[in-house]
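All values derive from a computational prediction rather than experimental measurement. Chain naming here is simple, since letters A, B, ... match the order of the sequence lines and numbering starts at 1 in each.
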There are 2 protein chains.
Amino acid sequence: MENLLFDFMSKYITLTEEEKTALLSMNLFHSVKKGTVLLKEGQSSKEFFFVIKGCIRVYYIIDGEEKTTAFYTELEALTPHCVITKTPSDYFVSCLEDSILLISNTELTEEANNKFPKFELMCRMFSEELLAKQQIDFDEFKTSSPEQRYLNLLEKRPDLIQRVPQHQLASFLGIQPQSLSRLRARIMEKKGR
Amino acid sequence: MENLLFDFMSKYITLTEEEKTALLSMNLFHSVKKGTVLLKEGQSSKEFFFVIKGCIRVYYIIDGEEKTTAFYTELEALTPHCVITKTPSDYFVSCLEDSILLISNTELTEEANNKFPKFELMCRMFSEELLAKQQIDFDEFKTSSPEQRYLNLLEKRPDLIQRVPQHQLASFLGIQPQSLSRLRARIMEKKGR
DNA sequence: TCCTTTTCTTAACTTAAGTGATCGAATAAG
DNA sequence: CTTATTCGATCACTTAAGTTAAGAAAAGGA
């Protein structure tokens, strides 16, 4: 389990054994039950999440309706907006499956960044990479239709389609659940012919 | 002009006078004519852009059609995807207006980061901030209709609607130019009543 | 300046998404 | 195990976006 994290970090920096044990002694790993709400709208949390195993999701409640906008699975990280801006959160974060998460906070991270300059370097590289990746995702979203977006997801994240409820997938794709059902039926019919 | 940059940087870190003169001596400021293409599809550029004055845009050419997905105006920065991943670019970047840009590259930035740890800190904070901001933008895009997206833009970036051609705005909003025209007419009619 | 090209709007028609409702099926709760 | 509740699919209907085409307005180049 720890190795998943260290393998991931090794893409950016090289850690000594002492640094690894120091990291592990901080007790950052948490087992979280499905359905647990990690962040609520209105809260000004300072916690950041890195998924070791499982899945967490970001959702808004708009006019009483849940609107899911993001999923984070194995080796993906979420630093909620409110942690950066120090303002109340606009959204909720909850656990979609029983998961193992690395949960840290602003203080601990700052401390680590001050102590280990290479940690700061890793954070910069990682967030630059995420930013670039997200730009591409956003661009793809803008330039394609709901059907194309679904087919794209089917190709790039087939796991999500299996593990996530349809109605959450729908709002993730920017459409209503009924439209997703219809669209899937349409695709099946095309395939069949 | 330099002051715009230093004021911006002062939000993150404090620079000494020596550091400021060192920065200025690097000759990073460029005057760029409207229409200049800064990055082409297929290129593996290492250049990063910070807009001091003016506007640059990101666009794809899909089936021979230009699809604009992003605009960067005063005090906004673009590190193209290809700079991070070191792969050929999927998109073009061009100058929408006569602009003044700070143009740097991977080598210069790495050098500065190594020499001044606080520069690294600024980059991390800046890209974390951008990432969080973009997540919110993406979420708003997913959870709203084209009409809501237009009204939202009208409120948050009224300048863009003035300075950017309609057909580019349309694809930025994820719709066809004809739909934007229609949607604007619809809004005007509602207002009139 | 005049001419060409691009840009914006409008219209008619097609297609797909939103909406509201219903009905099993699956899931969760007791 | 049984009962609620949630979830997914489907249908009919409404609304809005995509598409194709045409014409007016604006911008750019010679």
Could you state the atom-to-atom distance from [atom1] of [X] to [atom2] of [N] in whole Å?
X	N	atom1	atom2	value
A/L180	C/dT19	CG	P	15 Å
A/L169	D/dT6	CG	P	20 Å
B/M188	C/dT9	CE	C1'	13 Å
B/I187	C/dT9	CD1	P	12 Å
A/E189	D/dA9	CD	P	15 Å

Mind checking whether A/Y91 and A/Y59 have ring centres under 6.0 Å apart? no
Output field: ring centroids B/Y60/B/F92 closer than 6.0 Å: no
With sugar-phosphate taken as primed atoms, P, OP1 and OP2 and all else as base, the protein-contact string of nucleotides 15-30 of chain D at under 4.0 Å (heavy atoms; B, S, -) is -SBBBB-------S--
Do any N or O atoms from the side chain of A/E19 and from the backbone of A/T16 form a donor-acceptor pair under 3.5 angstrom? yes
Sub-4.5 Å side-chain heavy-atom contact between A/Y12 and A/E129:
yes
query = OP1 or OP2 of D/dG8 sitting under 4.0 Å from any side-chain N/O of A/H167?
reply = yes
In short, ring-ring contact (aromatic ring centres under 6.0 Å, His included) pairs touching residues 13-56 of chain B with sequence neighbours left out are B/F8-B/F50
- Can A/K115 be said to sit on top of A/F119's aromatic six-ring, NZ or CZ under 6.0 Å from centre and within 45° of the ring axis? no
